[in-house]
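Written below as structure tokens is the structure these notes are about.
Residue indices begin at 1 and follow the sequence shown.
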Amino acid sequence: MPSLLSPMTTVTIYTDGACKGNPGPGGWGVLLMAGQHRKELFGGQADTTNNRMELMAVIQALQALKRPCAITLYLDSQYVRKGITEWIHGWKAKGWRTAAKQPVKNADLWQTLDDLVSHSGHQIDWRWVKGHAGDPGNECADALANRGVEQVLGA
């Protein structure tokens with residue numbers, strides 16, 4: 001008897017953030033690929049930080065998916081990768097405080113990302129890739145993030 005559940009769509013995602021000044025005008029970029037389909041997303045904010053844009057890129061990528069997917073997500077931010085796979089458990093247990101009892105920076109975005117990861121049904125394989133090292137997907141996400149900055153600056 002065939003399964004009533006259809007297999008999850010396999011999606012490859014590259015994300016990146018950019019900031020001109022830190023803080024300053026920033027942008028985020030996302031490259032989503034599934035089979036022959038490819039989608040590029042970007043945006044930005046006038047006064048932000050690089051870490052906020054790295055987080056926003058992942059949030060925007062996951063929000064763009066309409067159903068649970070099997071995702072391989074490439075990012076060049078150890079802050080985001082380690083934050084979501086390692087540090088977040090301690091932050092939540094400590095009421096969004098660090099080990100030094102300081103408020104977690106960017107807690108609003110971490111909480112949004114945590115909710116997406118926990119309740120979306122996605123299976124996510126978080127993979128770090130060295131930035132600016134010639135990886136085509138990362139280079140594309142970087143270029144999209146810079147387009148987000150340009151959009152904010154009106155360039």
Report the distance from atom [atom1] of [X] to atom [atom2] of [Y], rounding to the nearest 0.5 Å.
X      : Y      : atom1 : atom2 : answer
Lys105 : Thr98  : NZ    : OG1   : 9.5 Å
Asn51  : Leu109 : CG    : CG    : 10.0 Å
Leu65  : Ser120 : CG    : OG    : 8.5 Å
Ile59  : Asp114 : CD1   : CG    : 10.5 Å
Leu144 : Thr15  : CG    : OG1   : 11.0 Å
Ile84  : Ile124 : CD1   : CD1   : 8.0 Å

Please answer: with hydrophobic residues joined when any side-chain heavy atoms are less than 4.5 Å apart, are [X] and [Y] in the same cluster?
X      : Y      : answer
Val30  : Leu73  : yes
Val11  : Leu116 : yes
Val152 : Met53  : no

>> Could you go through Leu55 and Thr112, starting from their C-alpha distance and side-chain angles, then the distance that decides it, and tell me whether this counts as side-chain contact (heavy atoms from CB on, under 4.5 Å)?
In response: CA-CA 10 Å; Leu55 281 161; Thr112 299; over 6 Å; no
Minimum heavy-atom distance [X]-[Y], with the two atoms named:
X      : Y      : answer
Pro68  : Gly121 : CB-O, 3.5 Å
Leu75  : Arg81  : CD1-N, 3.9 Å
Asn138 : Gly131 : OD1-CA, 3.4 Å
Leu32  : Ala64  : CD1-CB, 4.4 Å
Trp96  : Trp110 : CZ3-CB, 3.7 Å
Ala61  : Ile13  : CB-CG2, 3.8 Å

Do any N or O atoms from the side chain of [X] and from the backbone of [Y] form a donor-acceptor pair under 3.5 angstrom?
X      : Y      : value
Asn146 : Asp142 : yes
Asn22  : Asn50  : yes
Gln45  : Gly26  : no
Trp128 : Asp76  : yes

>> Under the rule for salt bridge (charged side-chain N to carboxylate O under 4.0 Å, His left out), what residues qualify as partners of Arg38, not counting sequence neighbours?
In response: Glu40
>> Working note: Trp126 + Val117, criterion side-chain contact (heavy atoms from CB on, under 4.5 Å); need CA distance, chi angles, decisive distance, verdict.
In response: CA-CA 11 Å; Trp126 300 90; Val117 169; 3.8 Å; yes
> Asp16 versus Glu54: any side-chain heavy-atom pair under 4.5 Å?
Replying inline: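 Counting from C-beta outward, Asp16 and Glu54 do come under 4.5 Å.
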>> Are the side chains of Leu62 and Leu113 in contact, using a 4.5 Å heavy-atom criterion?
In response: yes
> Would Arg67 and Thr9 count as a side chain to side chain donor-acceptor pair (under 3.5 Å) if you check the C-alpha gap in whole Å, the side-chain angles of each, and the deciding distance to 0.1 Å?
Replying inline: CA-CA 9 Å; Arg67 62 183 174 276; Thr9 301; 3.3 Å; yes
>> If hydrophobic residues (ILVMFWY) are linked whenever their side-chain heavy atoms come closer than 4.5 Å, directly or via other members, who joins Met33 in its cluster?
In response: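 So far as hydrophobic clustering goes, Met33 is joined with Tyr14, Leu31, Tyr74, Val129.
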> Are there more than 12 heavy atoms of other residues, nucleotides or ligands under 6.0 Å from atom CZ of Arg147?
Replying inline: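 It does not: Arg147 CZ has 12 such atoms or fewer within range.
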